[in-house]
There are 2 protein chains.
Amino acid sequence: MIKSIIFNIDDTLYDSSFQLEMARMNAVKAMIESGLPVDVERAFRTINDIVEKYGRYYSKHFDRMLEQLGLRWDPRIIAAGVVAYRETSWAFLKPFPDTIPTLLNLRDRGYKLGVISNGDPVKQWQKLIKIGIHHLFHKVLLTREHGKDNIDEEVFQFILGELDLHPEEGALVSSTYSCGILEAKSLGMVTIFLRRKPSLDKIADFKPTYEIDRLSEILNIL
Amino acid sequence: MIKSIIFNIDDTLYDSSFQLEMARMNAVKAMIESGLPVDVERAFRTINDIVEKYGRYYSKHFDRMLEQLGLRWDPRIIAAGVVAYRETSWAFLKPFPDTIPTLLNLRDRGYKLGVISNGDPVKQWQKLIKIGIHHLFHKVLLTREHGKDNIDEEVFQFILGELDLHPEEGALVSSTYSCGILEAKSLGMVTIFLRRKPSLDKIADFKPTYEIDRLSEILNIL
């Protein structure tokens with residue numbers, strides 16, 4: 001019997017893919033308004049390439065973008081991108097419409113709620129706080145506080161141990177296969193895959209216990 | 001005859017001292033709400049000490065603050081501080097009430113408007129853009145783009161040269177003695193000192209050409 005639901009953060013509790021796409025789009029438009037001499041499509045393609053190449057948390061995306069476009073460093077254009085990116089990503093750091101009602105319903109029904117994430121601990125807490133859900137979880141486990149870059153079986157055992165539960169009493173909700181869903185399954189946990197369109201990744205021969213299209217469908221599973 | 005007015009940014013075009021004080025105060029309150037076990041006064045005193053020690057642009061103020069309070073690193077408390085600090089400093093990044101009217105009036109009267117600052121170029125442009133005044137200046141000179149950490153006579157000569165003016169045709173407006181006012185005077189420029197309370201710094205035997213209590217008083221001087 002499931003007694004605890006453990007969630008990833010990005011693309012599970014909020015729409016981080018959409019947030020970042022909007023932030024990049026508005027950044028690009030602001031840079032063009034400040035003098036970047038390329039069209040929106042090319043600029044957007046370039047920033048996406050840069051993020052792919054340097055990762056999401058690199059701090060000089062716009063500097064590299066100017067380089068890749070063959071332009072000289074221009075703090076005015078970069079600043080315009082940073083301001084628009086920051087304002088947009090902050091404005092779109094909002095829960096899915098059913099995130100908070102679902103979490104509250106689960107708490108009311110006695111489920112222990114957890115978060116597990118391998119992102120930067122301070123940044124991940126910032127998201128929970130800004131989304132307004134940091135008080136709703138019984139346990140938040142950020143793997144890097146335990147010296148681990150990835151979510152493995154051991155961190156699941158740790159969080160389940162803290163909640164005094166066996167693996168089969170815990171369910172993981174995730175929208176990607178790279179954030180612990182394989183490890184949760186091999187440990188004997190229930191796995192709930194939140195489908196995103198386009199899907200974030202796929203593994204042909206893997207079957208999660210359940211697949212859902214929105215968080216509130218968890219309430220039908222239990 | 002004055003033909004150009006050149007402004008510093010911080011505490012001259014907007015109230016950065018007040019902005020940062022409010023941001024620190026709200027950060028401290030949010031950290032306490034997230035579990036920081038000290039009172040507001042002690043927390044506020046500690047963060048002020050840390051900023052004094054490590055400088056305004058250091059990125060780990062809250063980490064150092066926990067250390068100095070003898071507490072263990074806690075990403076939840078740090079994140080609460082970062083979120084509150086960011087939201088508050090962004091909300092208070094607003095021009096003085098008379099900044100924009102004064103700048104527009106000066107433009108209408110034919111004055112060339114400039115900005116000179118030794119701050120981080122991208123951060124300084126961010127401020128001008130967020131405040132909404134980046135389109136109002138004929139020339140923005142950020143000394144670090146010229147490889148200089150400080151505002152010296154040479155950068156004044158450069159910006160005046162770009163505007164095709166002699167030193168005595170240029171006026172510098174600043175609220176601190178450390179951002180070029182001595183150098184501007186020794187070059188023969190007009191110096192306009194914007195008094196802040198409490199005053200940001202003092203040099204006993206130095207007399208600027210004019211002293212004002214708000215930006216709009218420039219209009220009476222000219």
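Per chain, numbering begins at 1; letters A, B, ... match sequence-line order.
Within 6.0 Å of atom NZ in B/K185, more than 12 heavy atoms from other residues, nucleotides or ligands are found, so the atom counts as buried in its surroundings. Within a 6.0 Å sphere centred on NZ of B/K3, heavy atoms belonging to other residues, nucleotides or ligands number 12 at most. Counted within 6.0 Å of CD on B/E154, heavy atoms from surrounding residues, nucleotides or ligands total 12 or fewer; the atom is thus considered open. Annotation for A/H166: atom NE2 does not count as buried by contact number, only 12 or fewer foreign heavy atoms lying within 6.0 Å. Within a 6.0 Å sphere centred on CG of A/D164, heavy atoms belonging to other residues, nucleotides or ligands number 12 at most. For A/Y58, the OH atom counts as densely surrounded, since its 6.0 Å shell holds more than 12 non-hydrogen atoms of other residues, nucleotides or ligands.
The CH2 atom of A/W90 lies 4.5 Å from the CZ atom of B/R86; values are rounded to the nearest 0.5 Å. Taking CG of A/L128 as the start and CZ of B/R76 as the end, the distance is 8.5 Å to the nearest 0.5 Å.
Taking each heavy atom of B/W125 and A/A79 in turn, the nearest pair found is CB-CB, 3.3 Å.
Most heavy-atom pairs under 4.5 Å with chain A: of the set B/V140, B/I129, B/D74, this distinction falls to B/I129.
For A/E145 and B/W73, the side-chain atoms include no donor-acceptor pair closer than 3.5 Å.
For B/V82, the part lying near chain A is the side chain, with the backbone staying farther off; criterion is any non-hydrogen pair under 4.5 Å.
Looking only at side-chain heavy atoms (C-beta outward), B/H135 and A/E33 come within less than 4.5 Å of each other.
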